[in-house]
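Here is the structure we will look at.
Ligands are counted one by one from 1 in listed order, and the atoms in each one are counted from 1 as well.
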Amino acid sequence: MLPQGCLSSASPPGFPRSVAVIGAGAAGLVAARELRREGHRVVVFERLGQIGGTWVYDRKTESDPLGLDSSREIVHSSLYESLRTNLPREVMGFLDYPFVARSGEGRDPRRFPGHREVLRYLEDFARDFDLCGMIRLETEVLRVERNHFGRWTVRFRQAALGIGAGYSEEVYDGVVVCNGHYTEPRIAVIPGIDSWPGKQMHSHSYRVPEPFLDQVVVVIGSSASAVDISRDVLEFAKEVHVASRTQVGGAPVRQPGYDNFWVHSMIARAEEDGTVIFQDGSSVRADVILHCTGYKYHFPFLETEELVTVEDNRVGPLYKHVFLPSLAPWLSFVGLPWKVVPFPLCELQSKWVAAALSGRVNLPDEDEMMEDIKASYEEIEAAGWPKRYTHNLSDCQFQYDDWLAAQCGLPPVEEWRKQMYEAVWKNKRVNPETYRDEWDDDHLVAMARVDFDGQLTLGH
Ligand SMILES: Cc1cc2nc3c(=O)[nH]c(=O)nc-3n(C[C@H](O)[C@H](O)[C@H](O)COP(=O)(O)OP(=O)(O)OC[C@H]3O[C@@H](n4cnc5c(N)ncnc54)[C@H](O)[C@@H]3O)c2cc1C
Ligand SMILES: *[C@@H]1O[C@H](CO)[C@@H](O)[C@H](O)[C@H]1NC(C)=O
């Protein structure tokens with residue numbers, strides 16, 4: 001790897017652009033495809049020894065099960081063994097590469113498949129679009145910095161070269177950040193926790209339920225993983241008590257069909273004798289507290305520059321969750337929004353980034369972008385939401401997708417996809433344990449099939 005600093009020129013050279021993509025999960029893979037399709041020269045940096053990001057299940061867990069020790073060795077994926085997707089495959093897949101059931105050994109044809117099937121799908125995607133030649137595995141980006149010529153110096157370390165082999169640097173016109181945001185745990189603050197004698201862990205380090213045999217477990221959270229993990233643990237645990245924000249103030253509620261599964265209000269405090277006291281006054285002697293309390297955005301390779309800030313989990317300032325106005329389109333983020341269908345969203349963001357870098361699509365000027373960001377922050381404040389809701393697009397994800405598509409001159413997302421998402425969402429709320437195997441949106445499935453068949457005969 002040549003240090004290319006000497007090749008930089010004062011004004012960025014013309015199209016095509018050299019672009020570094022950080023991460024080869026779903027976001028980095030689709031970004032690489034779209035950037036290359038637009039004609040750019042792309043290098044994807046991936047810390048792991050294989051592609052797939054989150055979908056690479058890792059039995060290993062971190063040395064600190066709460067993820068607080070900053071010197072710990074990072075395990076990227078937060079998957080647990082039993083995980084099945086919480087979206088049907090028709091909705092979840094990329095727009096132009098349907099996530100259809102394939103036959104063959106080790107394939108999982110279910111509509112809500114197990115996690116290994118998603119990894120297979122991403123591997124198929126990388127193979128079918130011939131992406132592997134652009135990807136450098138076991139290569140960790142350590143720092144990204146603007147140089148004097150307005151280009152980016154990317155400093156990285158290749159594991160294959162061995163420890164102490166040192167670092168390399170290369171210079172790029174653009175950087176697309178696709179490092180994922182389900183690795184750095186966020187934990188709940190609990191008064192008295194320092195003298196509470198039990199064991200604490202974050203869902204990032206949860207893999208299998210067997211270690212919870214005969215334990216009394218308190219699960220904090222009400223997200224998809226809190227719901228899944230509490231049911232997973234129930235199979236072995238003596239009791240499971242969920243502390244949920246949605247159970248405001250009311251008395252604990254025993255879950256129908258169980259005699260050892262309760263939902264409580266949030267935790268008020270923990271005590272030296274092992275008791276956990278909830279806000280409603282109820283209490284349990286617990287062995288374990290499992291924090292299913294989400295994750296933080298974390299960009300350690302950008303820390304040396306004050307380019308973007310993360311404040312109460314708001315990454316800013318970003319125009320439409322993608323571009324830093326002062327440096328657009330040269331630095332971008334793909335995959336930040338949550339409470340969304342990530343693959344298609346990343347695909348549309350990537351198309352927009354690729355077209356902005358080539359100049360085929362124009363972005364507003366810096367002031368206009370800043371105005372837009374300010375207005376969106378004001379809306380969040382007016383709604384009484386905390387800053388950490390900034391990238392929560394639960395109310396407007398399809399509007400956002402369609403906006404991105406329009407920027408790129410593409411049609412809106414298919415109607416059946418939106419309707420199917422809504423149908424599944426409702427079904428999940430009513431039937432949290434069975435929604436993956438029982439549904440009544442067969443008419444939408446049929447519409448998806450017709451669409452997919454059309455695409456498949458067109459040559460994918
Ligand atoms: C428990 C769980 C369940 C989920 N279930 C679903 C689901 O059912 N359906 C769904 O659509 N989505 C689901 N998701 C969301 C999931 O995160 C997305 O599907 C998708 O994996 C996001 O892709 P990404 O590329 O943004 O991030 P990731 O998949 O996290 O990929 C980021 C990549 O960047 C690499 N990287 C990070 N830092 C560096 C660095 N410094 N240098 C080089 N490489 C680096 C990582 O090694 C990783 O490969 C789930 C997430 C979790 C945590
Ligand atoms: C996400 O935002 C919606 C409103 O848009 C809100 O109702 C919901 O509670 C938020 N979700 C989380 C987990 O913060």
Side-chain angles (χ1 to χ4, degrees), residues 20-32 44-58 74-80 82-89 91-94 99 112-115 117-119 121-122 135-144 154-159 176-184 203-204 206 221-226 228-229 245-246 292-295 298-302 313 333-346 349-350 379-380 383-386 388-397 421 424 436:
V21 173
I22 303 175
L29 292 172
V30 75
V44 183
F45 294 88
E46 172 51 57
R47 183 166 58 188
L48 298 179
Q50 67 185 103
I51 63 166
T54 281
W55 298 99
V56 179
Y57 175 73
D58 193 340
I74 305 288
V75 170
H76 184 78
S77 181
S78 301
L79 289 188
Y80 32 96
S82 68
L83 186 128
R84 289 173 67 186
T85 64
N86 56 13
L87 293 169
R89 59 197 311 148
V91 170
M92 184 171 158
F94 293 115
F99 188 8
F112 294 79
H115 58 82
E117 174 73 3
V118 183
L119 181 61
Y121 168 71
L122 291 174
I135 302 169
R136 293 192 200 149
L137 298 174
E138 297 193 319
T139 307
E140 179 177 13
V141 171
L142 301 170
R143 200 160 75 196
V144 170
V154 175
R155 180 177 233 236
F156 58 95
R157 176 173 55 202
Q158 267 171 317
V176 184
V177 178
C178 304
N179 68 327
H181 50 89
Y182 296 109
T183 296
E184 190 70 15
S203 53
H204 176 56
Y206 177 79
S222 41
S223 64
S225 43
D228 278 357
I229 290 175
R245 225 184 273 283
T246 51
C292 300
T293 37
Y295 296 88
H298 190 48
F299 310 101
F301 45 84
L302 284 174
N313 239 19
F333 294 78
V334 169
L336 294 194
W338 51 281
K339 286 249 160 187
V340 299
V341 182
F343 291 13
L345 182 141
C346 291
Q349 287 182 326
S350 298
E379 259 176 56
I380 287 167
W385 291 335
R388 63 176 183 278
Y389 277 29
T390 301
H391 311 292
N392 164 0
L393 299 193
S394 74
D395 278 352
C396 60
Q397 66 158 322
Y421 180 84
V424 167
R436 290 184 175 92

Can you tell me the protein heavy atom closest to [atom] and the distance?
{"atom": "atom 2 (C) of ligand 1", "value": "Leu83 CD1, 4.1 Å"}
{"atom": "atom 42 (N) of ligand 1", "value": "Val141 N, 2.9 Å"}
{"atom": "atom 27 (O) of ligand 1", "value": "Gly180 CA, 3.3 Å"}
{"atom": "atom 14 (N) of ligand 1", "value": "Trp55 CZ2, 3.9 Å"}
{"atom": "atom 29 (O) of ligand 1", "value": "Thr54 N, 2.8 Å"}
{"atom": "atom 7 (C) of ligand 1", "value": "Asn86 OD1, 3.3 Å"}
{"atom": "atom 26 (O) of ligand 1", "value": "Ala27 CB, 3.5 Å"}
{"atom": "atom 5 (O) of ligand 2", "value": "Asp395 OD2, 2.8 Å"}
{"atom": "atom 6 (C) of ligand 2", "value": "Tyr389 CE2, 4.0 Å"}
{"atom": "atom 43 (C) of ligand 1", "value": "Arg47 N, 3.3 Å"}

### Query
Any protein heavy atom lying closer than 4.0 Å to atom 14 (O) of ligand 2?
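It does; a protein heavy atom is within 4.0 Å.
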### 4.0 Å protein heavy-atom contact status of atom 22 (C) of ligand 1, strictly under
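Neighbour list for atom 22 (C) of ligand 1 is empty of protein heavy atoms (cut-off 4.0 Å).
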Enumerate the atoms of ligand 1 whose separation from the nearest heavy atom of [X] is less than 4.0 angstrom.
{"X": "Leu48", "result": "47 (O)"}
{"X": "Phe45", "result": "43 (C), 44 (N)"}
{"X": "Thr85", "result": "8 (O)"}
{"X": "Phe301", "result": "41 (N)"}
{"X": "Asn179", "result": "32 (C), 34 (O), 37 (C), 38 (N)"}

### Task
Go through ligand 2 atom by atom and flag the ones less than 4.0 Å from a non-hydrogen atom of Ser394.
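Those qualifying, in numeric order: 1 (C), 2 (O), 3 (C), 4 (C), 5 (O).
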Any side-chain heavy-atom pair from [X] and [Y] closer than 4.5 angstrom?
{"X": "Arg436", "Y": "Asn86", "value": "yes"}
{"X": "Tyr421", "Y": "Val340", "value": "no"}
{"X": "Val56", "Y": "Leu119", "value": "yes"}
{"X": "Val177", "Y": "Phe301", "value": "yes"}
{"X": "Ser77", "Y": "His115", "value": "no"}
{"X": "Tyr80", "Y": "Ser203", "value": "no"}

[X] heavy atom under 4.0 Å from ligand 1:
{"X": "Ala26", "result": "yes"}
{"X": "Thr139", "result": "yes"}
{"X": "Leu87", "result": "yes"}
{"X": "Pro342", "result": "yes"}

### Task
Look at the aromatic rings of Phe343 and Tyr121 and report parallel, tilted or perpendicular, splitting at 30° and 60°.
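Answer is parallel, since the angle falls under 30°.
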### Query
For the residue pair Tyr389 and Trp338, does the interplanar ring angle fall in the parallel (under 30°), tilted (30 to 60°) or perpendicular (over 60°) class?
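The rings of Tyr389 and Trp338 stand perpendicular, inter-plane angle above 60°.
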Heavy atom to [atom], shortest distance: which of [options] holds it?
{"atom": "atom 10 (C) of ligand 2", "options": "Thr246, Leu393, Asn392", "answer": "Asn392"}
{"atom": "atom 49 (O) of ligand 1", "options": "His298, Glu140, Glu46", "answer": "Glu46"}
{"atom": "atom 31 (O) of ligand 1", "options": "Ala224, Pro344, Gly25", "answer": "Gly25"}
{"atom": "atom 32 (C) of ligand 1", "options": "Gly23, Ala24, Cys178", "answer": "Cys178"}
{"atom": "atom 46 (C) of ligand 1", "options": "Arg143, His76, Arg136", "answer": "His76"}

Under 3.5 Å: donor-acceptor pair, side chain of [X], backbone of [Y]:
{"X": "His181", "Y": "Gly335", "result": "yes"}
{"X": "Glu184", "Y": "His298", "result": "no"}
{"X": "Thr183", "Y": "His76", "result": "yes"}
{"X": "Glu46", "Y": "Ile135", "result": "no"}

### Task
Quick one: do Val424 and Phe112 satisfy side chain to side chain contact (heavy atoms under 4.5 Å, CB included)? Show the steps, please.
CA-CA 11 Å; Val424 167; Phe112 294 79; 4.1 Å; yes
### Task
Establish, from distance only, whether the side-chain atoms of Ser78 and Tyr295 form a donor-acceptor pair under 3.5 Å.
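Yes.
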### Query
Can an N or O of Trp385 be found at a distance shorter than 3.5 Å from an N or O of ligand 2?
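By distance alone, the answer is no.
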### Any N/O pair Trp338/ligand 2 closer than 3.5 Å
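Between Trp338 and ligand 2, no N or O pair is found under 3.5 Å apart.
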### Query
Within 45 degrees of the axis of the six-membered ring of Phe99 and under 6.0 Å from its centre: does Arg89 put its NZ or CZ there?
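Yes - Arg89 lies over the ring of Phe99, closer than 6.0 Å to its centre and within 45° of its axis.
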### Query
If you round to the nearest 0.5 Å, how far is CG of Asp58 from CD1 of Ile74?
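These two atoms lie 12.0 Å from each other.
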### Task
Start with the C-alpha gap between Val144 and Ile22, add the side-chain angles, then the distance that decides, and say whether side chain to side chain contact (heavy atoms under 4.5 Å, CB included) holds.
CA-CA 10 Å; Val144 170; Ile22 303 175; 3.7 Å; yes
### Message
At under 4.0 Å between heavy atoms, is it the side chain or the backbone of Met92 that contacts ligand 1, or both, or neither?
### Response
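Met92 to ligand 1: side-chain contact only, backbone stays beyond 4.0 Å.
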### Query
Applying a 4.0 Å heavy-atom criterion (strictly less than), which segment of Phe156 is in contact with ligand 1: side chain, backbone, both, or neither?
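Looking at Phe156 and ligand 1, no heavy atom falls under 4.0 Å.
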### Message
Set out, in order, the CA-CA distance, both residues' side-chain angles and the distance that settles side chain to side chain contact (heavy atoms under 4.5 Å, CB included) for Phe45 and Asn179, then state yes or no.
### Response
CA-CA 10 Å; Phe45 294 88; Asn179 68 327; over 6 Å; no
